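These notes concern the structure reproduced below.
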Amino acid sequence: MASRTLSSKKKAILCAKAAKDKKAEDIIILDVKNISSVADYFIICTAASGRQMKAIYENIDEAVSQEGEGFHHIEGLHDSRWMLMDCYDVVIHIFDEETRDYYSLERLWGDAPRVELIPKAARVRHVKAG
């Protein structure tokens, strides 16, 4: 088991950003620590193809590895419509669109608070001059 250096929230945001870098769609971070014993955070995102799903997985794997973190378990790596990456306190779900709609995890875990990928305080606001 790799040594854990990131807080679970920072790890969740790191993974979500890594997914975003590979054009994952509809990325949601759910804070499930008070309603699940499985993990602290779930990340749910959609990939447009199997190739993109693999690219998202590889980018998340690289980002996590660079922080000295590792994965407990990975499922669906080959020819899958749903890939699950278990990073101990953060679980990442990468779906194709049809499978995501079918399982609707964000509805199933609807009581979980959502975490902003970019906190509101860090957003840049553009104002038109004029």
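Computed from a predicted model, the values in this text were never measured in an experiment. In this chain, numbering begins with 1 at the start of the sequence shown.
Cluster membership for V91 and V115, using ILVMFWY side-chain heavy atoms within less than 4.5 angstrom, is not shared. Following chains of ILVMFWY side-chain contacts shorter than 4.5 Å, one cannot reach F95 starting from I74, and the two form parts of different hydrophobic clusters. Taking hydrophobic clusters as Ile, Leu, Val, Met, Phe, Trp and Tyr residues chained together by side-chain heavy-atom distances below 4.5 Å, L105 shares a cluster with I28. Note on V90: it does not cluster hydrophobically with L84, by side-chain heavy-atom contacts below 4.5 Å among ILVMFWY residues. Under the 4.5 Å side-chain contact rule for hydrophobic residues, I44 and I92 do not share a cluster.
How far CE of M85 is from CZ of F71: 3.5 Å, rounded to the nearest 0.5 Å. Note that OH of Y102 and CG of D96 are 13.0 Å apart. Values are rounded to the nearest 0.5 Å. One distance of note links SG of C15 with CD1 of I60; it measures 5.5 Å at 0.5 Å rounding. Here the SG atom belonging to C45 is positioned 8.0 Å from the CE atom belonging to M53, to the nearest 0.5 angstrom. The NZ atom of K33 lies 6.0 Å from the CG atom of D40; values are rounded to the nearest 0.5 Å. Atom CD of E75 and atom OG of S80 lie 9.0 Å apart (nearest 0.5 Å).
In summary, E106 and R114 do not engage in a salt bridge, as defined by a charged side-chain N under 4.0 Å from a carboxylate O.
For the ring-ring contact (aromatic ring centres under 6.0 Å, His included) condition, no pair includes a residue of residues 12-38, sequence neighbours left out.
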Open item on the list: One pair to check against side chain to side chain contact (heavy atoms under 4.5 Å, CB included): L6 and L14. What are the steps and the verdict?
Closed with: CA-CA 10 Å; L6 294 174; L14 173 75; 3.8 Å; yes
Open item on the list: Under the criterion side chain to side chain contact (heavy atoms under 4.5 Å, CB included), I'd like the reasoning laid out for Q52 against K23: C-alpha separation, chi angles, the key distance, then a yes or no.
Closed with: CA-CA 8 Å; Q52 184 187 25; K23 311 288 190 240; 3.5 Å; yes
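Between the N59 side chain and the A18 main chain, a donor and an acceptor come within less than 3.5 Å of each other. Within the 3.5 Å criterion, the main-chain N or O of A48 finds no donor-acceptor partner in the side chain of E25.
More than 12 heavy atoms of other residues, nucleotides or ligands shown are found within 6.0 angstrom of CG on D101.
Ring pair W82/Y103 is tilted by interplanar angle, where 30° to 60° counts as tilted.
In this structure, H93 and M83 have side chains that are not in contact, with every pair of non-hydrogen atoms separated by 4.5 Å or more. Taking 4.5 Å as the limit, some side-chain heavy atom of S36 sits within range of a side-chain heavy atom of W109. Counting heavy atoms from C-beta on, the side chains of C87 and V64 come closer than 4.5 Å. Counting heavy atoms from C-beta outward, E67 and K11 have side chains that stay 4.5 Å or more apart.
Considering all non-hydrogen atoms of both residues, A47 and I56 come closest at CB-CD1, 3.8 Å. Smallest separation of non-hydrogen atoms from F42 and V38: CE2-CG1, 4.4 Å.
Here the options are I29, L30, N34, the test is side chain to side chain contact (heavy atoms under 4.5 Å, CB included), and the partner is V32; only L30 passes.
For the residue pair K9/Y41, the side-chain donor-acceptor check at 3.5 Å is not satisfied.
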